[in-house]
Number of protein chains: 2
Amino acid sequence: MARQTQGAQNDGRQRVLDFITTYITDNNVPPTIREIQAGAKISSTSMVSYYLKDLEKANLLDRYKRRSRGVVINDPHRLSVRDMLSIPIVGRITCGAGPMPTPDADVLRSAEDRVQIARAMVKEGDDLFALVAQGDSMIDALINDGDIVIMKKDSDVKNGELAAVFLTDKNESTLKRVFKEGRRLKLKPENPTLKPFYVDARHAQIQGRVVCVIRQA
Amino acid sequence: MARQTQGAQNDGRQRVLDFITTYITDNNVPPTIREIQAGAKISSTSMVSYYLKDLEKANLLDRYKRRSRGVVINDPHRLSVRDMLSIPIVGRITCGAGPMPTPDADVLRSAEDRVQIARAMVKEGDDLFALVAQGDSMIDALINDGDIVIMKKDSDVKNGELAAVFLTDKNESTLKRVFKEGRRLKLKPENPTLKPFYVDARHAQIQGRVVCVIRQA
DNA sequence: TTGACAATAGAACGCATGTTCGATTACAAT
DNA sequence: ATTGTAATCGAACATGCGTTCTATTGTCAA
């Protein structure tokens, strides 16, 4: 059974751990020993050090020795800013007439609206931009009005990837799964109830590959 | 025109700013003056201080006086851990027979798989859980096999919200926009090409509201 | 009780780190 | 050249902050 003091000690330990956690999320910086002492109501810095050593042994946190604010929470679920991407929304897609807006450097930088997504959600983090779907014209790609489509700029895609294709003869863009079949492209709607169709590869121009679709309620 | 030295100074300033930015994303902690000095190749700590004062005046960063590592980048695009949510994936939905898995406390805590999304993406951050769509049975909700559906647990929804409804007489769940019309519910597919249908409110049980749908390529 | 040991205090020690300041150099305008 | 100002340097100074050490108390087992 647990000793009486064990309870008190765990209390202190827990308070320290909790304080550090909330302090980091609030301040984006770990606290100092003395800040922990004050915030977690510990009676002395040596007690904080004592608990810290304990928590480190229990693998609940890591420490950088002799470095100021050198304590990090050891939680696999814990997120860091590295895990997030902020992607500029460069325009709208109608999937109707005309090519879709392509992002140049200026637009990317000046973009006010952005989507934040987890880096884990996409394989590659470069050359990404986002578009807002407009209208019902992309139902067959399972994309609804208002959906945010995150794309990677690319002029070529692998077989079976969902991509934006500009059809020069029809002067319109469309989102389909692309399969190269000799001189023609098979364009397969994302909607499995619809049939694929075929176009001449010379009249099709790949604009980018769909990386992620986000629909907010 | 700019002076010759102006260029050199801006170089230093820029190097300092860049170093701080990358240091923070790498270490989750701002650097010390001397770390900046070494990392940005500045010749003395007083020069770092000089640049820092400049950058602060230019509103590119904020500082906490006399605090170790007391420098923060002032970038509205910059994210912090507060901006993110980590949502447990509690199971799969087939939208076929049976109710969909509902999350109890145990499942939530033990969930290994999680989705990270920006807090800005959802209005409320509590009581969220995620499901992975399975099969093609939710095409009329514009949800595809493998999509991640983020839901808020709730037994009631506002008119017009996309919700998971369990139909007791058919013993199956479905995702539809729900409109209360007296004693019956209008269930409208998210797919605008499909017609809504009606059920008796006594045979329908709302399980939660769809907050966000994420499709990865 | 007594011995062993965890828990606690308090303070001092020493390196880490932000700050300051006088001296020096570089450059542009006069 | 001269002068004013920005840029730079080096070093000292003053805290900030982690660490350590000794002494004391509390608790359990024998």
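In what follows, every chain begins at residue 1, and chains take the letters A, B, ... in the order their sequences are listed.
With hydrogens and angles ignored, a donor-acceptor pair under 3.5 angstrom links the side chain of B/Arg34 to the base of C/dG18. The base of C/dG10 sits within donor-acceptor range of the side chain of A/Ser46, with an N or O pair under 3.5 Å.
Among residues at least two apart or in separate chains, salt bridge (charged side-chain N to carboxylate O under 4.0 Å, His left out) pairs with a member in residues 69-80 of chain A are A/Glu35-A/Arg69.
Looking at heavy atoms from C-beta onward, A/Leu17 lies in side-chain contact with A/Ile73 at the 4.5 angstrom threshold. At a threshold of 4.5 Å between non-hydrogen side-chain atoms, the residues A/Ile143 and A/Leu175 count as touching.
Atom CZ in B/Arg13 sits about 12 Å away from atom P in D/dT8, given to the nearest Å. Taking atom CG of residue A/Asp54 and atom P of nucleotide D/dT19, one finds them 15 Å apart after rounding to whole Å. Protein atom CD of B/Gln37 is 11 Å distant from nucleotide atom P of C/dG18, rounded to whole Å. Taking atom CG of residue B/Leu55 and atom C1' of nucleotide C/dG18, one finds them 16 Å apart after rounding to whole Å. Between the OH atom of A/Tyr51 and the P atom of C/dA7 there is a distance of 8 Å, given to the nearest Å. For the pair A/Asp11 CG and C/dA7 P, the interatomic distance rounds to 12 Å; values are reported in whole Å. Protein atom CD1 of B/Ile36 is 11 Å distant from nucleotide atom P of C/dT19, rounded to whole Å. For the pair B/Lys41 NZ and D/dT8 P, the computed distance is 17 Å after rounding to whole Å.
Which of C/dT20, C/dA7, D/dA7 sits closest to the side chain of A/Met47 comes down to C/dA7.
Taking only side-chain nitrogens and oxygens, B/Tyr50 comes nearer than 4.0 Å to OP1 or OP2 of D/dA7.
Between B/Asp156 and B/Lys180 there is a salt bridge, with a side-chain nitrogen of the basic residue lying less than 4.0 Å from a carboxylate oxygen of the acidic one. Taking a cutoff of 4.0 Å between a charged side-chain nitrogen and a carboxylate oxygen, B/Lys153 and B/Asp127 do not qualify as a salt bridge.
Minimum interatomic distance between B/Leu128 and B/Pro88 (heavy atoms only, all atoms of both residues): O-CD, 4.0 Å. Here the closest heavy-atom approach between residue A/Ser86 and residue B/His77 is recorded as OG-O, 4.3 Å.
Proximity of residues 63-74 of chain A to DNA chain C (heavy atom under 4.0 angstrom from any strand atom) is restricted to A/Arg66, A/Ser68.
Residue B/Thr32 is in sugar-phosphate contact alone, with no base atom involved, counting any heavy-atom pair closer than 4.0 Å across all strands shown.
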